[in-house]
*Asks:* 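To start, I am sharing the structure in question, which I have written as structure tokens.
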Amino acid sequence: MKTESLHEMYNSGHLLTSACIHYRITGQTNFLEIAVKHADLLYSLFMTDDERYGRFGFNQTQIMGLVELYRTTKDKRYLELAEKFINNRGAYKVAETPETKGYPIGDMVQERTPLRKSDEAVGHAVLALYYYAGAADIYAETGEQALIDALDKLWMNVALKKMYVTGAVGQTHYGASTNRDKIEEGFIDEYMMPNMTAYNETCANVCNSMFSYRMLGVHGESKYADIMETVLYNSALSGINLEGDRYYYANPLRVIHGSRDYSKMNTEFPTRQAYLDCFCCPPNLVRTIAKVSGWAYSKSKNGIAVNLYGGNTLNTTLTDGSKIKLKQETAYPWNGDVKITMQECKNTPFDMLVRIPDWAEGTKVFVNDKDAGVTVKAGEFAIINREWKKGDVIRIAMPLDINFVEGHERIEEVRNQVAIKRGPLVYCVESADLPKNTSILDVFIKGDASQLKSEYRPDFLGGVSAITGNVLLRKDAAKTDKMYHKVNKPQWEKYNTTFVPYYAWSNRNNEKESEMTVFLPVVWE
């Protein structure tokens, strides 16, 4: 059983899920039959109160896989086993046993506190978020109030106290939980958000969006889709290069030459890698990109919710079985105008819910070029109920202003610093866009976002809206080994530079390593 304590359950979950999707798409049962046999083996082993088996499955994708298998086969044993894995957490004494030897225990694997009593995200970020996503799947089937009460608290803890502006999570490679358990690749204290040493494993960021997607399905609130979108456009996509053949495992918000000894690290690299020895992130990211189309819309009680924006065609049925076909046309996120055309629908009234992102203040919604006459509020769905007909057009006009974003006052690492956002995209500045030999630490931003301009450049970084504007380069910064030294009023040099979307950093062929930062110290005028 020792090998099981490593990643057998993680592999099991992916096997179960992929078998269900294979069956759904092809109608063939050969892969599904293998998954059923494997799930039956898990059931025979783990539906027990034996402590030896109670603490297994630390990377718990099997919970999501078992719920998916239950939904596919309708065999309730798989749902019962998924619940068993949830119930086992926190039910046993936290002590090292022969089965746990060689890997951290306690908060690292979310076993210090039972899930239903948890209100803080702890330990390994990927393990935690797969665990929470699995629990959300179980709630969707059982409706157990204690589960959703805990998940609501955990989601709020992540989103409001432990998440980066890019949607990334898992602040550190090595550290300790608030209960003083050793943790790796995961959550530490609230508001403790280092930039240069930020771990932010690509898998963890993807899992953050997966958890929010499930919470969106449970609650139907726009804030969950806001997190999904933030992750997808920033901290997930940054894990892969533009060509799609090189990867980052960790996604820091600041990179400085010579600041880290990468020879002592096993998952952090100065440039994207063609292959990662721990190869969980690349396939996890690729499968997420492949399934985003399934996240774009949701069914409501009597209608369709538009969660994500992008050119597509939706051909499905409403909950009453009536057919609906939509066409969405947009250059989002580079342009804030979205056009949704009704191509087929029933002849009785139903709802169209369009998400107004939390950053999109001042958005206007039109139907057939007339004001839709509904409440339009940033951070909520605008609900349009009417008798729709073929050819009706919804137009959503979102202002893509360039904004400065600052962190919570308790985040010491970004005090008196700002990040740049335009729509859902977080921007950064790279050494490639600065004078030669300029340290990223000597770059400041003027406290005037109005001087920043956006322009779509189709031949730059695969086609992006780049932001240009002035920064201030500090010319008198002391180069010393002293930790502290006397300082006078800085000497500034104005420089016009380009800011690029964070996801697109480290993609220039003419540089082997690039310095980069998301947050810049601000000089207010």
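In what follows, residues are counted from 1 in the order of the sequence shown.
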*Asks:* Quick check on E380: does its CD atom have over 12 non-hydrogen neighbours (other residues, nucleotides or ligands) under 6.0 Å away?
*Replies:* yes

*Asks:* Considering all heavy atoms of both residues, which atom of A236 and which atom of T202 are nearest to each other, and what is their separation?
*Replies:*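 Closest approach of A236 to T202, heavy atoms only: O-CG2, 4.1 Å.
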
*Asks:* Take a 6.0 Å sphere around NZ of K364 and say whether it holds more than 12 heavy atoms from other residues, nucleotides or ligands.
*Replies:*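 Not buried by this count: 12 neighbours or fewer within 6.0 Å.
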
*Asks:* Donor-acceptor pair, Q451 side chain versus N470 backbone, under 3.5 Å?
*Replies:* yes

*Asks:* What I want to find out is whether K162 reaches E120 closely enough, with some N-O distance under 4.0 Å, to be called a salt bridge.
*Replies:*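 A salt bridge is present here (some side-chain N lies under 4.0 Å from a carboxylate O).
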
*Asks:* Looking only at heavy atoms, which two atoms of V218 and A136 are closest? And how far apart?
*Replies:* CG2-O, 4.5 Å

*Asks:* Less than 4.0 Å between a side-chain N and a carboxylate O, is that true for K223 and D358?
*Replies:* no

*Asks:* Ignoring hydrogens, what is the shortest heavy-atom contact between Y131 and R89? Give both atom names and the distance.
*Replies:* OH-CB, 2.9 Å

*Asks:* Assess the side chains of Y248 and S506: does a donor N or O sit below 3.5 Å from an acceptor N or O?
*Replies:*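 Their side chains do contain a donor-acceptor pair, which is all the 3.5 Å distance test asks for.
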
*Asks:* Students often mix this up, so state it plainly: with edges at 30° and 60°, are the rings of F444 and W492 parallel, tilted or perpendicular?
*Replies:*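 Aromatic pair F444/W492 classed perpendicular.
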
*Asks:* Would you please indicate yes or no on a ring centroid separation below 6.0 angstrom for W155 and Y224?
*Replies:*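 Yes.
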
*Asks:* Between N266 and D277, does a side-chain contact (heavy atoms from CB on, under 4.5 Å) hold up when you go through it step by step?
*Replies:* CA-CA 8 Å; N266 62 347; D277 288 340; over 6 Å; no

*Asks:* Could you tell me which non-hydrogen atom of V306 sits nearest to which non-hydrogen atom of Y297, and how far apart they are?
*Replies:* CG2-CE2, 3.9 Å

*Asks:* Under the side-chain hydrogen bond (donor to acceptor under 3.5 Å, both in side chains) rule, what do E268 and Y262 come out as? Steps first, then yes or no, please.
*Replies:* CA-CA 7 Å; E268 292 102 319; Y262 289 101; over 6 Å; no

*Asks:* Would you compute the distance between atom CD of E455 and atom CZ of R457 and round it to the nearest 0.5 angstrom?
*Replies:*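 Answer rounded to 0.5 Å: 7.0 Å.
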
*Asks:* Without hydrogens or angle criteria, can the side chains of Y130 and Q60 be said to hold a donor-acceptor pair below 3.5 Å?
*Replies:* no

*Asks:* Looking at H14, is its backbone amide N or carbonyl O close enough to the side chain of T17 to form a donor-acceptor pair, meaning the two atoms are under 3.5 Å apart?
*Replies:* no

*Asks:* Any side-chain to backbone donor/acceptor pair from R214 onto G134? Under 3.5 Å, distance only.
*Replies:*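 Pair absent, no side-chain N/O of R214 close to backbone of G134.
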
*Asks:* Stepwise, does the side-chain contact (heavy atoms from CB on, under 4.5 Å) test hold for K446 with V471?
*Replies:* CA-CA 6 Å; K446 295 176 64 176; V471 293; over 6 Å; no

*Asks:* Find out whether S454 and I402 are in side-chain contact, i.e. whether some heavy atom of one side chain is under 4.5 Å from a heavy atom of the other.
*Replies:* yes

*Asks:* Decide side-chain hydrogen bond (donor to acceptor under 3.5 Å, both in side chains) for E515 and H257; before the verdict, give the C-alpha distance in whole Å, the side-chain angles of both, and the deciding distance to 0.1 Å.
*Replies:* CA-CA 6 Å; E515 290 196 343; H257 286 321; 4.6 Å; no

*Asks:* Check the pair T197 / R260 against side-chain contact (heavy atoms from CB on, under 4.5 Å), numbers first and verdict last.
*Replies:* CA-CA 9 Å; T197 59; R260 311 193 76 185; 4.0 Å; yes

*Asks:* State, yes or no, whether a side-chain contact exists between M196 and I256 at a heavy-atom distance under 4.5 Å.
*Replies:*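 Side chain of M196 against side chain of I256, heavy atoms only: contact under 4.5 Å found.
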
*Asks:* Between Y164 and N234, does the side-chain hydrogen bond (donor to acceptor under 3.5 Å, both in side chains) criterion hold? Intermediate values first, please.
*Replies:* CA-CA 10 Å; Y164 285 88; N234 298 287; over 6 Å; no

*Asks:* For E412, does the CD atom have more than 12 heavy-atom neighbours from other residues, nucleotides or ligands under 6.0 Å away?
*Replies:*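 Count not over threshold, so no.
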
*Asks:* Hey, does L253 have a side-chain heavy atom less than 4.5 Å from the side chain of N200?
*Replies:* yes

*Asks:* Drop me the distance from R246's CZ to F269's CZ, to the nearest 0.5 angstrom.
*Replies:*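 Answer rounded to 0.5 Å: 10.5 Å.
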
*Asks:* Using ring pair (Phe, Tyr, Trp, His ring centres under 6.0 Å) as the criterion, list what pairs up with Y332, not counting sequence neighbours.
*Replies:*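 Counting only residues at least two positions away or on another chain, Y332 forms a ring pair (Phe, Tyr, Trp, His ring centres under 6.0 Å) with Y309.
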
*Asks:* Run the salt bridge (charged side-chain N to carboxylate O under 4.0 Å, His left out) test on D245 and R272 for me, step by step, so that the C-alpha distance in whole Å, both residues' side-chain angles and the decisive distance to 0.1 Å come before the verdict.
*Replies:* CA-CA 9 Å; D245 59 2; R272 288 186 180 85; over 6 Å; no

*Asks:* In terms of relative ring orientation, are F211 and Y132 parallel, tilted or perpendicular, with 30° and 60° separating the classes?
*Replies:* tilted

*Asks:* Return the minimal non-hydrogen interatomic distance between L285 and G239, and the atom names on each side.
*Replies:*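 Where L285 meets G239 most closely, the heavy atoms are CD2-C, 3.9 Å.
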
*Asks:* Looking only at heavy atoms, which two atoms of W359 and P399 are closest? And how far apart?
*Replies:*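 Heavy atoms only, the tightest pair is CZ3-O, 3.6 Å.
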
*Asks:* Is it true that atom CE of M156 has more than 12 heavy atoms of other residues, nucleotides or ligands lying nearer than 6.0 Å?
*Replies:* no

*Asks:* How about CG on D261, more than 12 heavy atoms from neighbouring residues, nucleotides or ligands closer than 6.0 Å, or not?
*Replies:* yes

*Asks:* Hey, is R474 close enough to D476 for a salt bridge, meaning N to O under 4.0 Å?
*Replies:* yes

*Asks:* Under the side-chain hydrogen bond (donor to acceptor under 3.5 Å, both in side chains) rule, what do N496 and T468 come out as? Steps first, then yes or no, please.
*Replies:* CA-CA 7 Å; N496 190 267; T468 56; 5.1 Å; no

*Asks:* Would you compute the distance between atom CZ of R112 and atom CD of Q110 and round it to the nearest 0.5 angstrom?
*Replies:*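 Going from CZ on R112 over to CD on Q110, the span is 12.5 Å.
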
*Asks:* Using a cut-off of 6.0 Å, state whether more than 12 heavy atoms not belonging to E361 lie near its atom CD.
*Replies:*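 For E361, atom CD is not crowded (no more than 12 foreign heavy atoms under 6.0 Å).
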
*Asks:* Counting only N and O atoms by type, is there a donor-acceptor contact under 3.5 Å from the side chain of N205 to the main-chain atoms of V169?
*Replies:*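 Yes.
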
*Asks:* Sub-3.5 Å donor-acceptor pair from the side chain of Q171 to the main-chain atoms of D189, do we have one?
*Replies:*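 Yes.
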
*Asks:* Under a 4.0 Å threshold between the charged nitrogen and the carboxylate oxygen, would R508 count as salt-bridged to D433?
*Replies:* yes

*Asks:* With distance as the sole criterion, is a donor-acceptor pair present between the side chains of S235 and N251 under 3.5 Å?
*Replies:*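 Not at all, the side chains of S235 and N251 share no donor-acceptor pair under 3.5 Å.
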
*Asks:* Does the pair V158 and L154 meet the rule for a side-chain contact (heavy atoms from CB on, under 4.5 Å), with working shown?
*Replies:* CA-CA 6 Å; V158 172; L154 290 164; 5.7 Å; no

